[in-house]
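In each ligand, atom 1 is the first atom listed, and ligand 1 is the first ligand listed. Please read these numbers as outputs of a predicted model, since none were measured by experiment.
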Amino acid sequence: DTGSAAAVPIDDVDIAYVTPVTIGTPPQTLQLDFDTGSSDLWVFSSHTPASQVRGQEIYSPNKSSTAKLLEGHTWSITYGDGSASRGNVYVDNFTVGGLSVAQQAVQTAQQVSSSFTSETNIDGLLGLGFSTLNTVSPKSQLTFFDNAKASLDSPVFTVDLKAQAAGTYDFGFIDKAKYTGEITYVPVNTNPGYWTFTSSGYAVGSGSFSSQSITGIADTGTSLVYLPTAIVTAYYRQVSGATNSRNYGGYVFPCSSALPTFTFGVGDARFTIPSSYISYSPIAPGSSTCFGGLQSSSGLGINIWGDVALKAAFVVFNGANPPTIGWAKK
Ligand SMILES: CSC[C@H](NC(=O)[C@H](Cc1ccccc1)OC(=O)N1CCC(N)CC1)C(=O)N[C@@H](CC1CCCCC1)[C@@H](O)Cn1ccccc1=O
């Protein structure tokens with residue numbers, strides 16, 4: 001089997017991307033944020049208090065003839081940005097872009113934090129991390145990818161995110177039309193449960209490439225790129241008026257300042273993030289102060305290659321044994 005579904009930016013700065021999925025019988029369509037940084041599949045549902053729902057599509061298991069409650073199972077998750085949700089668990093038919101899983105664990109929200117309520121374009125998350133991270137108790141559940149893997153032509157999914165345009169998540173195949181040149185594969189460390197790999201170094205603008213190992217995670221659920229402070233300060237030293245603002249929680253600069261590109265290495269390959277991706281967004285609508293798409297990871301304890309980096313490449317998440325991750329230009 002294979003599947004292919006669109007990844008659509010939810011706003012004008014690509015803060016996140018959503019992908020349509022169908023759940024149950026008859027099919028209920030929701031827009032989920034596919035997140036390689038977590039491993040829970042959870043949805044706004046008929047169990048979510050009305051006061052916490054603001055226009056999101058909901059999944060109603062009682063309207064699905066194939067839904068079954070997973071007795072006594074609950075889940076609770078808190079993300080890096082402090083957002084959180086928790087609830088019960090059903091199993092039901094689940095389809096992404098023509099690829100179906102019959103008994104997928106669908107975690108229904110009984111409680112979501114205010115940031116989820118206010119994010120009206122996200123109806124839930126679909127975790128594409130390793131199933132070891134799943135929070136369902138007493139028995140943890142498998143991700144959609146792990147459930148589908150055995151039936152896939154090839155045990156892979158690929159990510160092709162675009163700036164202000166619809167990209168794709170493909171399952172089970174690698175579409176040669178989506179990239180140019182070769183795919184450079186590097187090992188993945190599955191220990192923490194994320195797609196953790198080691199970049200071979202970086203360059204700021206047209207400066208020389210600094211070869212060094214930068215271990216981090218490829219995370220579709222994180223908007224920005226978070227790297228070691230030394231790298232980030234070297235970058236913003238080239239941006240006139242840039243300051244690391246405690247007030248705004250990161251590097252900001254005059255929107256009129258010229259920004260260099262940022263190049264990162266994967267093995268011998270080099271990927272350049274255009275300046276436009278790093279001039280992330282005005283700190284408030286109409287402001288002339290902009291927030292950077294490259295920020296320090298010092299507060300996180302982990303380096304994160306989020307959407308700002310993923311948009312600059314075609315990425316293969318290879319779920320074979322052992323797993324690897326492949327990067328190609330596009
Ligand atoms: C540096 S972990 C911060 C990161 N959350 C972000 O990247 C959010 C994304 C967002 C924001 C607003 C609307 C929609 C989406 O965006 C910002 O935080 N931004 C963008 C806008 C900027 N002005 C400020 C900084 C984050 O927790 N991701 C997790 C998945 C997210 C959770 C929130 C909803 C969307 C999916 C996850 O993969 C991060 N993970 C990764 C590994 C381990 C644990 C863990 O939990």
Side-chain angles (χ1 to χ4, degrees), residues 7-19 31-44 54-56 75-86 107 109 112-130 132-135 143 159 161 188-197 215-228 232 244-253 255 277-285 287 289-311 317:
V8 181
I10 65 169
D11 67 5
D12 59 359
V13 294
D14 304 335
I15 199 171
Y17 296 79
V18 287
T19 297
Q31 308 294 327
L32 303 187
D33 185 346
F34 284 23
D35 176 26
T36 55
S38 64
S39 307
D40 283 38
L41 193 172
W42 72 264
V43 294
F44 275 76
R54 193 171 303 154
Q56 289 84 357
W75 60 280
S76 174
I77 192 164
T78 301
Y79 296 100
D81 59 17
S83 53
S85 50
R86 62 178 170 78
Q107 300 168 219
V112 300
S113 62
S114 57
S115 56
F116 281 119
T117 298
S118 56
E119 198 40 69
T120 56
N121 299 312
I122 295 179
D123 305 331
L125 264 66
L126 185 143
L128 290 169
F130 292 89
T132 46
L133 281 182
N134 180 265
T135 73
T143 64
V159 177
L161 298 182
V188 160
N189 168 6
T190 63
N191 285 344
Y194 320 119
W195 291 87
T196 306
F197 73 100
T215 297
I217 69 172
D219 184 3
T220 55
T222 288
S223 315
L224 311 183
V225 173
Y226 296 87
L227 294 177
V232 177
N244 189 0
S245 156
R246 214 167 318 289
N247 185 18
Y248 295 118
Y251 280 88
V252 296
F253 48 85
C255 296
Y277 294 7
I278 302 176
S279 174
Y280 182 67
S281 76
I283 46 144
S287 167
T289 300
C290 277
F291 194 78
L294 174 60
Q295 294 294 342
S296 169
S297 62
S298 55
L300 300 176
I302 186 172
N303 296 314
I304 301 185
W305 303 93
D307 300 339
V308 159
L310 296 168
K311 281 190 279 196
F317 291 75

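When only non-hydrogen protein atoms are considered, atom 12 (C) of ligand 1 lies nearest to Ile15 CD1, 3.5 Å. Taking atom 4 (C) of ligand 1 as the reference point, the nearest protein heavy-atom neighbour is Thr222 OG1, 3.5 Å. The closest protein non-hydrogen atom to atom 24 (C) of ligand 1 is Phe291 CE2, 4.3 Å. If you check which protein heavy atom lies closest to atom 39 (C) of ligand 1, you get Asp219 OD2, 3.5 Å. In this structure, the protein non-hydrogen atom closest to atom 46 (O) of ligand 1 is Gly80 N, 2.8 Å. The nearest protein atom to atom 31 (C) of ligand 1, hydrogens excluded, is given as Gly221 O, 3.3 Å; this is a heavy-atom distance. Remark: minimum distance from atom 25 (C) of ligand 1 to any protein heavy atom is reached at Tyr226 OH, 3.7 Å. When hydrogens are left out, the protein atom nearest atom 34 (C) of ligand 1 is Phe116 CE2, 3.5 Å; that is the closest non-hydrogen contact.
Against a heavy-atom cut-off of under 4.0 Å, Asp33 is close to the following atoms of ligand 1: 35 (C), 36 (C). Under a 4.0 Å criterion applied to the non-hydrogen atoms of Ile217, ligand 1 contributes the atoms 41 (C), 42 (C). The contact set between ligand 1 and Glu119, taken as ligand atoms under 4.0 Å from a residue heavy atom, comprises 13 (C). Each of the following atoms of ligand 1 lies closer than 4.0 Å to a heavy atom of Ile122: 14 (C). If you number the atoms of ligand 1 from 1 as listed, the ones under 4.0 Å from a heavy atom of Ala16 come out as 14 (C), 15 (C). Which parts of ligand 1 touch Ile304 is read off a 4.0 Å heavy-atom cut-off, strictly below it: atoms 1 (C).
Taking all atoms of both residues into account, the shortest heavy-atom contact from Gln295 to Val232 is O-CG2, 3.5 Å.
Judged by distance alone, the side chain of Gln31 and the main-chain N or O of Ile10 form no donor-acceptor pair under 3.5 Å. At distances below 3.5 Å, at least one donor-acceptor pair connects side-chain atoms of Ser223 with backbone N or O atoms of Ile15. A distance-only check finds no donor-acceptor pair linking the side chain of Thr222 to the backbone of Asp219 [under 3.5 Å]. Side chain of Ser85 to main chain of Val112: no donor-acceptor pair is present (N/O by atom type, distance under 3.5 Å, no hydrogens or angles). When atom types are taken as modelled, the side chain of Asn303 and the backbone of Thr215 share a donor-acceptor pair closer than 3.5 angstrom.
Residue Thr36 places no heavy atom under 4.0 Å from ligand 1. Using a 4.0 Å cutoff on heavy atoms, Val13 does not count as a contact of ligand 1.
The heavy atom nearest to atom 9 (C) of ligand 1, out of those in Ser223, Ser83, Ser118, Gly299, is found in Ser223.
Atom CG in Leu125 sits 5.0 Å away from atom CG in Asp33 (nearest 0.5 Å).
By the 3.5 Å distance cut-off applied to N or O atoms, Ser38 is not counted among the residues near ligand 1.
In Asp81, the parts holding a heavy atom less than 4.0 Å from any atom of ligand 1 are both the side chain and the backbone. Contacts between Ile302 and ligand 1, counted as non-hydrogen atom pairs separated by less than 4.0 Å, are absent for every part of the residue.
Here Trp305 and Tyr226 keep their ring centres 6.0 angstrom or further from each other.
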Evaluate Ser38 against Asp40 for side chain to side chain donor-acceptor pair (under 3.5 Å), listing each step before the verdict. CA-CA 6 Å; Ser38 64; Asp40 283 38; over 6 Å; no
Using side chain to side chain donor-acceptor pair (under 3.5 Å), reason through Gln107 and Asn134 one step at a time and then give a plain yes or no. CA-CA 11 Å; Gln107 300 168 219; Asn134 180 265; 3.0 Å; yes
Going through the distances and angles, do Phe317 and Thr36 end up as a side chain to side chain contact (heavy atoms under 4.5 Å, CB included)? CA-CA 9 Å; Phe317 291 75; Thr36 55; 3.8 Å; yes
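By the 30° and 60° cut-offs, the orientation of the rings of Tyr79 relative to Phe116 is perpendicular.
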